[in-house]
Amino acid sequence: MSNSITMIEAVNLALQHEMQHDDSVVILGEDVGTNGGVFRATVGLREQFGIKRVLDTPLAETMIAGLSVGMASQGLKPVAEIQFMGFIFPTMEHMIGHAARLRHRTRGRLTCPMVLRVPFGGGIHAPEHHSESTEALFAHIPGLRVVIPSSPARAYGLLLAAIRNPDPVLFMEPKRIYRLNAQPVEDNGKALPLDRCYTLREGSDITLVSWGAMIKETLEAADQLKKRDISCEVIDVVTLNPIDHQTILASVAKTGRCVIIHEAPKSCAVGAEISATIAEQGLLSLQAPVSRVTGYDTVMPYYRMENHYMPNSADIIETVTSTLEFS
Amino acid sequence: MSNSITMIEAVNLALQHEMQHDDSVVILGEDVGTNGGVFRATVGLREQFGIKRVLDTPLAETMIAGLSVGMASQGLKPVAEIQFMGFIFPTMEHMIGHAARLRHRTRGRLTCPMVLRVPFGGGIHAPEHHSESTEALFAHIPGLRVVIPSSPARAYGLLLAAIRNPDPVLFMEPKRIYRLNAQPVEDNGKALPLDRCYTLREGSDITLVSWGAMIKETLEAADQLKKRDISCEVIDVVTLNPIDHQTILASVAKTGRCVIIHEAPKSCAVGAEISATIAEQGLLSLQAPVSRVTGYDTVMPYYRMENHYMPNSADIIETVTSTLEFS
Amino acid sequence: MDTVYTAEIHYSSYLSESGTALQKMPQWAEKPEQLVHYYRNMVLARQLDNKIIALQRTGQIGTYASLLGSEAIDTVLGELMLKEDVLVPYYRNHALQMLRGLPMGEMLSYWGGDERGNSSPAMAEDFPNAVPIATQALHATGVATAFKIRSEKRVAVTVCGDGATSKGDFMEALNVAGAWQLPVIFIVNNNQWAISVPRSIQCGAATLAQKAIGAGIRGEQVDGNDVIAMHESVNEALKHAREGKGATLIEAISYRLSDHTTADDATRYRSNDELKAAWDREPVKRLQTYLHSQGWWDEVQETAWQNEVSQIIQKGVDHYLAMPPQPIENLFDYLYAELPEALQEQRDKLIRNAQPGGSHHE
Amino acid sequence: MDTVYTAEIHYSSYLSESGTALQKMPQWAEKPEQLVHYYRNMVLARQLDNKIIALQRTGQIGTYASLLGSEAIDTVLGELMLKEDVLVPYYRNHALQMLRGLPMGEMLSYWGGDERGNSSPAMAEDFPNAVPIATQALHATGVATAFKIRSEKRVAVTVCGDGATSKGDFMEALNVAGAWQLPVIFIVNNNQWAISVPRSIQCGAATLAQKAIGAGIRGEQVDGNDVIAMHESVNEALKHAREGKGATLIEAISYRLSDHTTADDATRYRSNDELKAAWDREPVKRLQTYLHSQGWWDEVQETAWQNEVSQIIQKGVDHYLAMPPQPIENLFDYLYAELPEALQEQRDKLIRNAQPGGSHHE
Ligand SMILES: Cc1ncc(C[n+]2csc(CCOP(=O)(O)OP(=O)(O)O)c2C)c(N)n1
Ligand SMILES: Cc1ncc(C[n+]2csc(CCOP(=O)(O)OP(=O)(O)O)c2C)c(N)n1
Ligand SMILES: [Mg+2]
Ligand SMILES: [Mg+2]
């Protein structure tokens, strides 16, 4: 029997499962202990596993990342939380310079099986710096996996996979859908594959490629387009580094058209890599130019204007329509 | 009369010129004072302008960036040096969260006319972390200009432009060509335009798009291809954010083919944005898929293997050849 | 073994928790004017805080960080800083921002998710709120560097919480302030909690003031619930900085009487007893008791002032609620001094989408 | 004003600059064995340093950071740390790395631009050199956290320079080490220079040891040119950490007798007089003088040992020079535990390009 749970509950469930089955899993971060995390991702874990496995850290993101590298080198599996994506930048020297390189630098002598969890994205009317989507900064880093779930079930299975993965993983959680759309998730300890795109809907007219909270908008658009007899294949990229281009290319080979949707600003984002790869490797199968529906190349505004910034299903439908009209 | 000078001398000349003509220009960084910078970019400036305008800082990159933001908010024009690109990551919270946003956040009340100079790229047999090319991490940031010169004359004119620009600029200097190919540079105080691609060679068969030290390899490739009667248009992108796509699109509209060359790892790099934009907006003019000649998606190796990592003119020629053969 | 360095950290207070004098008062506090003035401002801050929380609860304003318990800190800083000094605040300094000139309505608009809350010309060269913890400490040192370079007798004042003292930015800022003897003051509003993390877990040192020692700057503790002690300490630090003698770290001992923000529920992680004890030490009541005991303030004045404050606040709220929405093209128009050509098309699209029939028209 | 905290920083030394006893020696130093052993290791380190510089000058090795002047620090740490402790070094600890088991030839290969210099199984769980300044301090606290979580009586030891103490990482590491009472030792090799930046510009505090005060951990200064003082200080700190009592910051006062690296020219920024004075205090000669004065070492032994050392070094260099190049596919094969499919094509291309006729065949 499995209950219907939300994504944030699925995150909590995966953490709990893995801590129970693997003593080396240790949680750390700001407010993850007594408070159970500002989004409640770690609620109950301190009580269950004690203060040696759920560590409330001082307020210092560089430290959280650097400490995790040191702990991971000792064979622990730190799962660190950064409270919001807007506060992740101090971790970058350690994530890029150390976490992503420790295995390479030591030719496998030391490794870094850590996970850095971070909620990201807009849409919850949060204060400044609480709504960014900067996955592109990490997707460019060799050695660092970037994984983003878009449903409770995938959050559960992918987080298990991320923790078990012997290399560092940035696990980005689309907080806008933390509590939307509960679904049954069985606590069966089954990890889902990383480095794979997930095809959420099969379709024949056009391929929609997205990730994170934009999957919600994308699926909504696909539903509405279906009513107009337009058949969308919807691909959730899930792992943004390394990207499983083959699944996307195979889909576009079939549909001939593609729209990529993400919340981050357009320029030099992950959408560019996907669009470029499709055109470079699938040029002849393209019946229309690939289009990107994205955030603007501007600062994520304070919440009053955030809805103007963020792409929505109407934008997607509009772009799909013009892509289908192209000839 | 103008002497032949190298790129590093041109950087020094521009700094000197601007400090002389604008009292608000202040230099800061590690070893920029007495030592004149580890690459000698700031040599002589301390003697000429005194310790209040050339500040040797404590060893702390976050501080260098944060301090610059504070200074710039006061109307100074800090030109800060980060010693190597591998050490730039601690600046990111301030560059992304503050420098790039101060004007936006205060609706123009406070601004951030700072320049962050940083040598980047491989090829000088330097120690670990001294050879990275992570321009993509900054090119994705709205509000932050990213400028890269590839010759002494452009280094001079673009650095003047960067300092005079009322917004923050990341000025990346391809250190491999710091001392290659001296050329006459007149100290005339003329800034070159930002936000513009520079067409270095006109050609009709194919467009080669690159920046930084890879311009050298690209020009060499173009020279050799010319001997085989292949006419390459060579575009130096120069400003990687915001990118002047129009110049590139116009060129590709003419040539129908394009190869993009950069030293950074391939995935989610700036080359992806350019390739994607060409295919999205110029699909019908493309006679062959765009190709990218780039570093591998792996860690920049220690210097023994760096030449295996870095693209060279032979790689470019090979890719141009196959792009021309495509039909 | 030679002793090569010795240091002491001092703690100062003038008013006891129950509002009685602990020592001889400084001269300025022997007359009512300044203290009554402080009291009035603190009452305003407190009542305003209540009002904003009510606005939040009724959906008229966004997530809000209460200032409850830091009234003395903000009030003293607002009084003693000169107009030409520069404030580099954090997100709990809106009382201070108003004392420095920011109209209440515009301050409220910040919490209403509107950048115009940072843009009032009345803010002069003050920084907007820093949300990324401790980053403001470095901006303040940068501002102070500018003052020093230009030989101006101005001071940069920055405020942060106890949690912020653990972040590299804070310590790098102290360090450069010491190395360069900068005219900057670091106020740590040690309200004992960083969201759910208590001071004891944040740092193993006996005081936060002693972080100054490693940077070679002045450091001291002061009762942050005591306007008189705060006044003395801030005054001295400002003088020191203005005279070119360098930076001071003031650890003001206070207590976060509220939840961390309106999005937080502090009952999850701290005891009612602790909170109750903290209310016994709070700054407003304490000063009120003292003023009463001196015969400088009475119930009539209290009622009159509370009423006046209500009206002031209502005006500010009205102003806030009546602000027309900002033009959406602001999203692009303040990103750069001049909009780069490459962004023109995106700007057009933004405007198009917001028009009737557009995908973002609400 | 109450004094709520007092602190002292102590400085310890046993051998004067001219190699005479300054105070009663600890028991272990009243016999020759340990001191002669230290001396031998220091001579080896010094001669090796000369050799590597010669290799660099003749193009046989890359940019190199000399250890000249830090022989005492490395030698003592190499002796007192237990095998099961973990070293988290910086780029000037190669003598220490060798004492902990890294074969000389492999150590040299690191400076020869080859990752295999970090990969010897003899390094056990020790970290490779940290190039990004001060980052290692946090890795060491992470290692110490693992020890503490697992209740192991092991100690993490990390070394950095004086410049590194200004970087946030260092201070964040001290802070968490204090908050969590971690079994970690921070050794600051205060060699007075960070490339061209003198200690006086780096920090306004009288000592760097006092950075410990703000974190609530032990902090002390020691003569880093004095093996006896170093031994006492390190021994005590290890004991303290191993007993679960927490961290220590040891500021070892030394001098960078060399250029910063072989890419640097220190004459540009520091005076000959200062350098000359520093040579009068250097650790090897000082200990030699003391050993001579005690009758524990003589010219014959010196010559014999110098010769032996030459041979040891020559062997190491031969080993280094004879190492076959590493397989180029290492570029991909250690990036992830398993190569992601998406990278297979790039790996193939790398190999193809390196083959005869390929674009990267040299
Ligand atoms: C760099 C960064 N990390 C995390 C956060 C999330 N956050 C907001 S306030 C806060 C606690 C701050 O505590 P403290 O410094 O004591 O200030 P207080 O709110 O108690 O006044 C945290 C962790 C943030 N804003 N910035
Ligand atoms: C984060 C970072 N910034 C800058 C550098 C460049 N750099 C290498 S060594 C050095 C000076 C270090 O001085 P110190 O910490 O005193 O150590 P020392 O070399 O004197 O032993 C600098 C600035 C670096 N390696 N890492
Ligand atoms: Mg607090
Ligand atoms: Mg040093």
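Every chain is numbered from 1 and lettered A, B, ... according to where its sequence line falls, protein lines coming before strand lines. Below, all heavy atoms of this structure are taken into account, side chains as well, without hydrogens, waters or symmetry copies.
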Whether over 12 other heavy atoms sit under 6.0 Å from B:K52 NZ: yes
Test item: C:P340 and B:R145 side chains (from C-beta on) under 4.5 Å apart, heavy atoms: yes
Expected output: side-chain C:R116 to main-chain B:R107 donor-acceptor under 3.5 Å: no
Best-contacting candidate, C:T145, C:T135, C:V88, against chain B by heavy atom pairs under 4.5 angstrom: C:T135
Pick from B:D244, B:L110, B:L55 with the largest number of heavy-atom pairs that fall under 4.5 Å of chain C: B:L110
Residue B:S24 versus chain C: region with a heavy atom under 4.5 Å: neither
Exceeds 12 heavy-atom contacts within 6.0 angstrom, atom CD of C:E345: no
Region of B:H245 that comes under 4.5 Å of a non-hydrogen atom in chain C: neither
Ion pair B:E93/C:K167, N-O distance below 4.0 Å: yes
Which portion of C:N330 sits near chain B, non-hydrogen atoms under 4.5 angstrom: both
Chain C contacts, top residue of B:L194, B:T57, B:T111 (heavy-atom pairs, under 4.5 Å): B:T57
Qualifying ring pair (Phe, Tyr, Trp, His ring centres under 6.0 Å) pairs with a residue from residues 152-186 of chain C, counting only residues at least two apart or across chains: none
Expected output: side-chain C:Y336 to main-chain B:D167 donor-acceptor under 3.5 Å: no
Most contacts with chain B, counted as non-hydrogen pairs under 4.5 angstrom, among C:A137, C:A173, C:S120, C:G168: C:S120
Contacting moiety of B:I243, where chain C heavy atoms sit under 4.5 Å: backbone
Residues of residues 61-72 of chain B contacting chain C, heavy-atom criterion under 4.5 Å, by residue number: B:T62, B:M63, B:G66, B:L67, B:V69, B:G70, B:M71
Minimum side-chain heavy-atom gap B:T106-C:F127 below 4.5 Å: no
Residue B:D195 versus chain C: region with a heavy atom under 4.5 Å: side chain
Option in C:Q136, C:R150, C:K148 with maximal non-hydrogen atom pairs under 4.5 Å from chain B: C:R150
Polar side-chain atom of C:N118 near backbone of B:R105 as donor-acceptor pair, under 3.5 Å: yes
B:Q20 atom CD: more than 12 heavy-atom contacts under 6.0 Å: yes
No-hydrogen, no-angle side-chain donor-acceptor test under 3.5 Å, C:D169 and B:H94: yes
Chain C interface, residue from B:P242, B:G143, B:A60 that has the most non-hydrogen pairs under 4.5 Å: B:G143
B:R103 side chain near C:L335 side chain, heavy-atom distance below 4.5 Å: no
Contact class of B:P142 relative to chain C, heavy atoms under 4.5 angstrom: both
Interface moiety of B:N241 toward chain C, non-hydrogen atoms closer than 4.5 Å: side chain
Side-chain donor-acceptor pair present, C:H139, B:S73, cut-off under 3.5 Å: no
Among C:D126, C:V86, C:T141, residue most engaged with chain B (heavy-atom pairs, under 4.5 Å): C:D126
C:L321 CG: over 12 foreign heavy atoms closer than 6.0 Å: yes
Side chain / backbone / both / neither for B:Q74 at chain C, heavy atoms under 4.5 Å: both
C:E341 with B:R196: basic N within carboxylate O range, under 4.0 Å: yes
